[in-house]
*Asks:* 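Can you read through this structure? Questions will come right after.
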Amino acid sequence: MSNGKTRMAIKIRPEIEGMADEIVAMRRDFHMHPEEGFQELRTAGIVAQKLREFGLEVRENVGRTGVVGDLKGALSGPNVAFRADMDALPIRENSDVPYKSRNEGVMHACGHDGHTAMLLAVAEVLSKQKGRMRGSLRFIFQPSEEKDGGATYMIDDGCLDGIEQIYGAHLWNYIAFGRIGASAGPVLAATDSLRIAVRGVAGHGAIPQGTVDAIVAGSALVGALQTVVSRNVDPMQSAVVSIGKIAGGDNHNVIASLVEMEGTVRTLSEDIRRTVKERILAIADGVGKTYGAEIDMGIEKGYPALVNDAKLVEKLVAAAKEVVGEGAGRISPGMGGEDFAYYARKIPGCFFFVGSSPPGFEPGELPHHCPHFDIDERALLVGASVFVQLAEDLLFD
């Protein structure tokens, strides 16, 4: 789908429109009180309290600080889950909005405050209609998406038990307000990390013979790693190998004996993931032998690629079209990562994107994970409306 702006008719669900002030207020409250992964005690407490008020069956401390709420219909039918993440990032907020973070050094810089507010609104709306609902709907409020893969902890604690399909959403400043993006197949990348130590033999900078320069070997390694994608990956596929941190040396006239580096590897398929890993290890071995250095290459597996189920995407897009019309469509895969991937590996899943680029900004101009991040809060109503419409399509006659 295009990232640009087009004219479209947006039909916010009337139940959600009537809660607009409440939804925005919830999001701003969460924004003012951000909590990092596995520290979401205040957030989880509010979520659990509200779900109980809506009449849901609630379990707390799922996956350490997660919350699960079950809404059971009066009739038999499918068992579906909706998921939101609750955690914030260790970023100092740099903005002057009245709802600025009050927790110094922690900020909702990715939209999880909005995800939580949207799903609470959906739970409230649907709880009033459970008498005509078929099957069940589970609301999963997950901790620690940003750093520790909170989804795995939730799964280990049974959050998917009995569930047949799962949906999740992400507010997304890279597409315009009023758009919904969803695609079958890979939509976000596997996120692996590199930890590299290049060890040489130190000596005087003016007398290099007899030394092994770790900086020269490390520099050669950085350059050689760039050939992994350009020469080993099908040009029609996608992969990224980036070195983001490098440190080494003791003084201007000392040949360094140690260089340490860190990087990231992003891939969209397990085959390419294996190929890239094999080539990285082979190149490190070759560069080490060429320069006489010892290179320790550690590759730490992160989240797997997030792969959407095609049938669920069709259902989601059909629901989204009821809200945003032609604003719903395909979105190109991205190289970011999301631990929703773990859910989608267990059962059919669909992860979709809700355009939230704020007024006055072009899509992508105000990026996620920046200290002045914000959203178009009207996107909360769009996202919540899509969830309500989806629930009605799946669970209501």
Side-chain angles (χ1 to χ4, degrees), residues 1 3 5 10 12-13 16 19-20 22-32 34 40 43 47 82-89 91 93 95 97 99 101 107-123 139-142 145-146 167-183 187-188 306 308 316-317 319-320 323-324 327-329 331-332 334 336-340 350-390:
M1 64 183 288
N3 286 343
K5 297 177 180 178
I10 299 175
I12 302 299
R13 298 273 310 199
I16 295 298
M19 297 175 61
E22 177 185 347
I23 296 170
V24 170
M26 281 195 293
R27 180 259 167 171
R28 293 186 176 189
D29 178 68
F30 292 136
H31 192 91
M32 286 190 291
E40 308 95 337
T43 305
V47 167
F82 291 166
R83 173 267 202 171
D85 38 17
M86 303 185 293
D87 58 318
L89 286 154
I91 295 175
E93 185 163 10
S95 66
V97 294
Y99 46 90
S101 171
M107 176 192 175
H108 271 295
C110 200
H112 298 187
D113 49 347
H115 304 165
T116 303
M118 284 193 302
L119 213 56
L120 282 174
V122 174
F139 294 87
I140 296 173
F141 293 86
Q142 179 205 303
E145 183 278 327
E146 293 288 359
Y167 298 82
H170 207 303
L171 294 162
W172 205 234
N173 279 7
Y174 301 97
I175 56 177
F177 165 74
R179 291 189 171 275
I180 299 291
S183 297
V187 288
L188 290 172
L306 199 170
N308 275 347
L316 181 282
V317 171
V323 179
V324 298
I331 190 170
S332 298
E338 236 286 351
D339 73 352
F340 188 89
C350 174
F351 194 74
F352 64 98
F353 299 87
V354 180
S356 56
S357 184
F361 292 89
E362 292 297 317
E365 191 176 352
L366 187 58
H368 295 245
H369 291 214
C370 78
H372 51 285
F373 174 81
D374 208 348
I375 61 169
D376 187 329
E377 290 180 318
R378 296 176 299 169
L380 302 171
L381 310 185
V382 172
S385 293
V386 171
F387 270 123
V388 170
Q389 183 65 51
L390 178 63

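Values below: every heavy atom of this structure, side chains too, minus hydrogens, waters and symmetry copies.
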*Asks:* Under the rule for side chain to side chain donor-acceptor pair (under 3.5 Å), what residues qualify as partners of E40, not counting sequence neighbours?
*Replies:*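 So E40 forms a side chain to side chain donor-acceptor pair (under 3.5 Å) with T65.
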
*Asks:* May I ask you to decide if S101's main-chain N or O and E93's side chain share a donor-acceptor pair within less than 3.5 Å?
*Replies:*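 Confirmed, E93 side chain pairs with S101 backbone.
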
*Asks:* With sequence neighbours excluded, tell me which residues meet side-chain contact (heavy atoms from CB on, under 4.5 Å) with D376.
*Replies:*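 Listed in chain order: F177, P359, R378.
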
*Asks:* Are the side chain of S95 and the backbone N or O of H372 linked by a donor-acceptor pair below 3.5 Å?
*Replies:*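 Looks like no, no N/O pair under 3.5 Å.
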
*Asks:* When you measure from the side chain of D87 to the backbone of E146, do you find a donor-acceptor pair of N or O atoms at a distance under 3.5 Å?
*Replies:*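 Answer holds: yes.
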
*Asks:* Using side-chain contact (heavy atoms from CB on, under 4.5 Å) as the criterion, list what pairs up with S385, not counting sequence neighbours.
*Replies:*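 With neighbours one apart ignored, the set is I12, R13, I16, V323.
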
*Asks:* Identify, with sequence neighbours excluded, every residue that meets side-chain contact (heavy atoms from CB on, under 4.5 Å) alongside A88.
*Replies:*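 P34, V106, H108.
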
*Asks:* Please confirm whether the backbone N or O of H112 pairs with a side-chain atom of D85, one donor and one acceptor, at under 3.5 Å?
*Replies:*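 Here the side-chain-to-backbone pair does not exist.
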
*Asks:* Compare all side-chain heavy atoms of I180 with those of V386 and state whether any distance is below 4.5 angstrom.
*Replies:*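 Of all side-chain heavy-atom pairs linking V386 with I180, at least one is under 4.5 Å.
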
*Asks:* Taking the side chain as everything from C-beta on, heavy atoms only, tell me whether C110 gets closer than 4.5 Å to H369.
*Replies:*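 Side-chain contact under 4.5 Å: yes.
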
*Asks:* Keeping the roles fixed (side chain from H368, backbone from F373), state whether a donor-acceptor pair exists under 3.5 Å.
*Replies:*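 Such a contact is absent between H368 side chain and F373 backbone.
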
*Asks:* Taking only residues two or more places apart in sequence, or in another chain, which ones meet M32 in a side-chain contact (heavy atoms from CB on, under 4.5 Å)?
*Replies:*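 In terms of side-chain contact (heavy atoms from CB on, under 4.5 Å), with neighbours along the sequence ignored, M32 is linked to Y99, R102.
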
*Asks:* Taking the side chain as every heavy atom from C-beta outward, state whether F353 and R179 have any atom pair closer than 4.5 Å.
*Replies:*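 A side-chain contact under 4.5 Å is absent here.
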
*Asks:* With a 4.5 Å limit on heavy-atom distance, are the side chains of D374 and N173 in contact?
*Replies:*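 No, their side chains stay 4.5 Å or more apart.
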
*Asks:* Do side-chain atoms of S356 reach the backbone of W172 as a donor and acceptor pair under 3.5 angstrom?
*Replies:*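 Yes.
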
*Asks:* Looking at residues at least two apart in the chain, or sitting in another chain, which of them share a ring-ring contact (aromatic ring centres under 6.0 Å, His included) with F30?
*Replies:*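 In terms of ring-ring contact (aromatic ring centres under 6.0 Å, His included), with neighbours along the sequence ignored, F30 is linked to no residue.
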
*Asks:* Is the closest side-chain heavy-atom distance between L89 and M107 below 4.5 Å?
*Replies:*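 L89 does not reach M107 side chain to side chain.
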
